[in-house]
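Worksheet: one structure, shown below.
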Amino acid sequence: MQSNSPYSTDYQFGIGSMTGTSLDGLDLALCKFDEKGYEILDFNCFELPAQLRKNLNDAYTKNGREFFQIENDYSRFIAECINSFQNKTGSLARFIGIHGQTIFHEPNSQLTVQMLNGGLIAAETGLTTVCDFRRADMALDGQGAPLVPIGDRDLFGEYNACLNLGGFANLSAKVDGERVAFDICAVNIVLNLLAKKIGKDYDDRGQIAASGKLNRELLNQLNSLAFYKERPPKSLGREWMEQQILPLLAGIENNTALRTFTEHAAQQIAACLPREGKVLLTGGGAYNDFLISLIRERLPELQITIPEKKLLEGKEALIFAYLAKLRLEGETNVLASATGAFRNSSSGAVYIP
């Protein structure tokens, strides 16, 4: 295929990078793309330093200078991790696709920030860097999210749907020949906050939630939130969680809050999945045995596949490498059917070292 991209070359090997809203860590995946499809050659998750994690969580409250200092610190950390990863994997990569850290996301106002200094990354790694994937779609009246559906369509087309359980649950599915995708509900961003109240980074396998009591009144309040009645395309951000979820959980005993919110997430997720067929499940929430058991109970005919660890943890990083590859080749990488934009786009800022 003749490419329209001024950057066109052989982009067979690339790195994908992802840090989710829950800030569990920085995922890096070395990926190979060819006529057979994809392969994750290596994967690593780098823990974010505690102070950097705190600064990223607080970034939206900072003034301009403080904000950009945090951005540089975060970007320099990513560059150091990439260089370490490259030393381990043999410097095969030609490019990197980076999601950046979502600081706020208000699609109805066409405002979004995925914190990252792409120029710094390119300069310090020597890799062509593609980032800031959301804003071009939002300029086309899209939600700027979700971004992964084209990867789900092209790389995982054998599944009826792909479900990712990260800070938020999001779904990508085939509907009448088109790829439809949307955010379902908050998951780890809330569960981890609740776990931290009792000194845990997360609720390991959902054991704390499983031991808690279900609060029916709270469950009904959560399930009645207006977002769940909206039709796709739709997306969620931290500010929605802080405004809509946290006030309902205030004053609720912690184990009860964990139990009830896990039940709420399972109900919302199950309501959006197909009744039968095959679903690929990835993201850190796949390790929450209690949450997964609640979803399976509601969908006994659905075949839910949880892949091996490299794909389970590295799928989103893989897809951001794929989005960068498409961008560099001048091909569509954001689907209007998923975001609600008035056309598909080839999105992402490109920095050449």
task = Please say whether the positively charged group of Lys315, taken as NZ for Lys or CZ for Arg, lies over the ring of Phe156, i.e. under 6.0 angstrom from the six-membered ring centre and within 45 degrees of the axis.
result = yes
Notebook entry, point to check: Considering only heavy atoms from C-beta outward, does the side chain of Val190 approach that of Leu249 to under 4.5 Å?
Noted result: yes
For a quick check under 3.5 Å, do Thr260 and Asn215 share a side-chain donor-acceptor pair by atom type? no
Do side-chain atoms of Lys196 reach the backbone of Tyr202 as a donor and acceptor pair under 3.5 angstrom? no
**OP:** Kindly say whether the aromatic ring centers of Tyr11 and Phe95 come within a distance under 6.0 Å.
**Re:** yes
query = Any salt bridge between Arg76 and Glu80, counting N to O under 4.0 Å?
reply = no
Side-chain donor/acceptor of Asp203 to backbone N/O of Ala209, under 3.5 Å
yes
**Asked** Do Lys32's NZ or CZ and the ring of Tyr38 fall within the cation-pi criteria of under 6.0 Å and 45°?
**Response** no
request  = For Ser109 and Leu111, indicate whether the former's side chain and the latter's backbone hold a donor-acceptor pair under 3.5 Å.
outcome  = no
ask   = Between Gln268 and Asn223, is any side-chain donor less than 3.5 angstrom from a side-chain acceptor?
value = yes
### Donor-acceptor under 3.5 Å (Lys325 side chain, Phe33 main chain)
no
Hydrogens and angles aside, do Asp154 and Tyr322 bring a side-chain donor and acceptor to less than 3.5 Å of each other? yes
- [ ] Decide whether Gln101 and Thr19 meet the rule of one side-chain donor and one side-chain acceptor closer than 3.5 Å.
- [x] yes
Q.
Are Phe168 and His105, when compared by the centres of their aromatic rings, separated by less than 6.0 Å?
A. no
Sidechain-backbone polar pair: Asn160 side chain, Gly277 backbone, donor-acceptor under 3.5 Å
no
Test your reading of the model: is there a side-chain donor-acceptor pair from Asn254 to the backbone of Leu194, 3.5 Å cut-off?
yes
Requested in this report: In plain terms, say whether Glu329 and Arg94 are close enough for a salt bridge, that is, a side-chain N and a carboxylate O under 4.0 Å apart.
Outcome: no
**Item:** Any side-chain heavy-atom pair of His99 and Glu316 under 4.5 Å
**Value:** no
Answer yes or no: is there a donor N or O on one side and an acceptor on the other, between the side chain of Arg134 and the main chain of Gln114, under 3.5 Å?
-> no
_Flag side-chain contact, heavy atom, 4.5 Å: Asn164 against Val148_ = no
*Pair Asp58 + Lys62, salt bridge at N-O below 4.0 Å*: no
*Exceeds 12 heavy-atom contacts within 6.0 angstrom, atom CZ of Arg275*: yes
Just checking, any donor-acceptor pair under 3.5 angstrom between side chains of Ser75 and Asn117? no
In this structure, are over 12 heavy atoms from other groups packed under 6.0 Å from Gln110 atom CD? yes
Any side-chain heavy atom of Thr256 within less than 4.5 Å of one from Leu214?
-> no
Q: Salt-bridge test for Asp42 and Lys88: reply yes if a basic N is under 4.0 Å from a carboxylate O, no otherwise.
A: yes
- So, Ser84 and Gln86: side-chain donor and acceptor under 3.5 Å apart, yes or no? no
Problem set entry | Gln243 versus Glu239, side-chain donor and acceptor atoms under 3.5 Å | no
- Message: Taking atom CD as the centre, does Glu242 end up with more than 12 heavy-atom neighbours from other residues, nucleotides or ligands that are less than 6.0 angstrom away?
- Response: yes
Are Phe320 and Phe133 close enough that their ring centres sit under 6.0 Å apart?
yes
Any donor-acceptor N/O pair, Thr125 side chain to Leu127 backbone, under 3.5 Å: yes
